[in-house]
Amino acid sequence: MKLVFLGGPGAGKGTQAELLSSSKSIPHISTGAMLREAVQAGTDLGKRVGDIIDAGKLIPDETMIEVVRDRLSQSDCSGGYILDGFPRTLAQARALTDLCAELGRSIDAAVLFDVPRAELVKRLAGRRGVEQRADDSEEVQKERIQIYEEQTTPVIDYYQQRGELHKVDSLGGVEEVTKNLSRTLEKL
Ligand code: AMP
């Protein structure tokens, strides 16, 4: 199963990706987590992206496409994967389609974890300080939601037009969303 998880910051896609990754034994590929690890390890990539992450802005497409290309080319991805946090721009979505064609592994679905904006704001406020993330300040959270709306909405439209988009109501608690997700995946 090759899935792309879409949704705003605080939509719960990371949590659901984690759970599904364990139950299906397929890798959970979170580009945000990969970048944060690179920052901590002090790699070249980490040095280039640290300040951008802290400001809540997006890393340039070329860099992200390279990171994802390397990761999806690894053997543990051949049986499936869950991409969480990528693609975030139309250019990334198109690059992913090309990359999948190259690897002979097209995605099965793009799953949108649907949460109204007001709820995202509320959830992020609750998360502030809890995960000790520098990009969880109120100002940066606002920036991330705005960037999501501007840059990632076209990605949703892209998958919709390709007939690959599946929406999962994500307003409820974790267990309820897990159930909604299972129902969606059963239909694939
Ligand atoms: P996340 O954990 O998915 O919220 O990602 C944390 C931060 O990493 C984002 O705010 C961006 O700065 C960066 N990032 C992660 N994935 C991407 C991506 N696909 N494109 C650009 N920047 C990204």
Side-chain angles (χ1 to χ4, degrees), residues 2-21 27-73 77 81-100 107 110-115 117 119-159 168 170 177:
K2 298 167 186 85
L3 302 170
V4 164
F5 276 12
L6 303 170
K13 61 184 177 357
T15 303
Q16 294 299 328
E18 199 60 60
L19 292 169
L20 190 68
S21 161
H28 167 201
I29 303 172
S30 158
T31 48
M34 288 170 75
L35 295 173
R36 284 188 289 276
E37 275 165 29
V39 171
Q40 284 218 312
T43 64
D44 281 349
L45 173 66
K47 284 180 194 139
R48 277 188 281 140
V49 302
D51 290 344
I52 307 177
I53 294 175
D54 288 351
K57 312 256 187 223
L58 293 185
I59 310 306
D61 288 332
E62 313 82 72
T63 304
M64 291 313 303
I65 292 164
E66 222 28 62
V67 166
V68 170
R69 169 188 292 278
D70 285 352
R71 185 64 189 90
L72 293 188
S73 305
C77 291
Y81 51 78
I82 304 161
L83 257 179
D84 161 18
F86 183 97
R88 261 177 155 96
T89 65
L90 193 53
Q92 292 180 12
R94 291 192 173 126
L96 178 62
T97 300
D98 292 348
L99 177 59
C100 287
I107 65 159
V111 178
L112 172 63
F113 291 87
D114 219 1
V115 179
R117 186 186 210 278
E119 175 67 15
L120 290 183
V121 172
K122 208 169 96 187
R123 287 187 189 176
L124 287 178
R127 187 167 100 180
R128 220 170 279 149
V130 175
E131 292 183 14
Q132 303 287 318
R133 276 172 57 165
D135 60 352
D136 260 349
S137 69
E138 185 173 3
E139 193 188 335
V140 175
Q141 284 178 348
K142 270 196 200 137
E143 176 77 14
R144 293 170 71 219
I145 292 179
Q146 193 184 337
I147 289 183
Y148 171 74
E149 287 173 340
E150 287 169 5
Q151 305 278 332
T152 313
T153 305
V155 175
I156 297 167
D157 296 342
Y158 174 83
Y159 286 114
V168 170
S170 305
V177 178

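Note that ligands are numbered from 1 as they come in the structure, with each ligand's atoms numbered from 1 the same way.
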* Got the closest protein heavy atom to atom 10 (O) of ligand 1, with its distance? -> R144 NE, 3.6 Å

* To do: Considering only non-hydrogen protein atoms, determine which one is nearest to atom 16 (N) of ligand 1 and report residue, atom name and distance to 0.1 Å.
  => T31 OG1, 2.8 Å

* **Which residue and heavy atom of the protein sit nearest atom 9 (C) of ligand 1, plus the separation** => R88 NH2, 3.7 Å

* Atoms of ligand 1 close to L35 [distance to a heavy atom under 4.0 angstrom, numbered from 1] -> 8 (O), 13 (C), 14 (N), 15 (C)

* Structure fact -> Looking only at protein heavy atoms, what sits closest to atom 22 (N) of ligand 1 is I59 N, 3.1 Å

* Structure fact -> Taking only non-hydrogen atoms of M64 and a 4.0 Å limit, the atoms of ligand 1 in range are 16 (N), 17 (C), 18 (C), 19 (N), 20 (N), 21 (C)

* Can you name the nearest heavy-atom pair linking L99 to R69, along with the distance? -> CD2-CA, 3.6 Å

* Any donor and acceptor pair, going by atom type alone, linking the side chain of Q141 with main-chain N or O of L124 inside 3.5 Å? -> yes

* For K57, counting its heavy atoms only, list the atoms of ligand 1 lying under 4.0 Å from any of them. => 11 (C), 12 (O)

* Structure fact -> So CG of L35 and CD1 of I52: to nearest 0.5 Å the spacing works out to 9.5 Å

* In the protein, which heavy atom is nearest to atom 6 (C) of ligand 1, and how far is it? -> R36 NH1, 3.5 Å

* Q92, any N or O under 3.5 Å of ligand 1 N or O -> yes

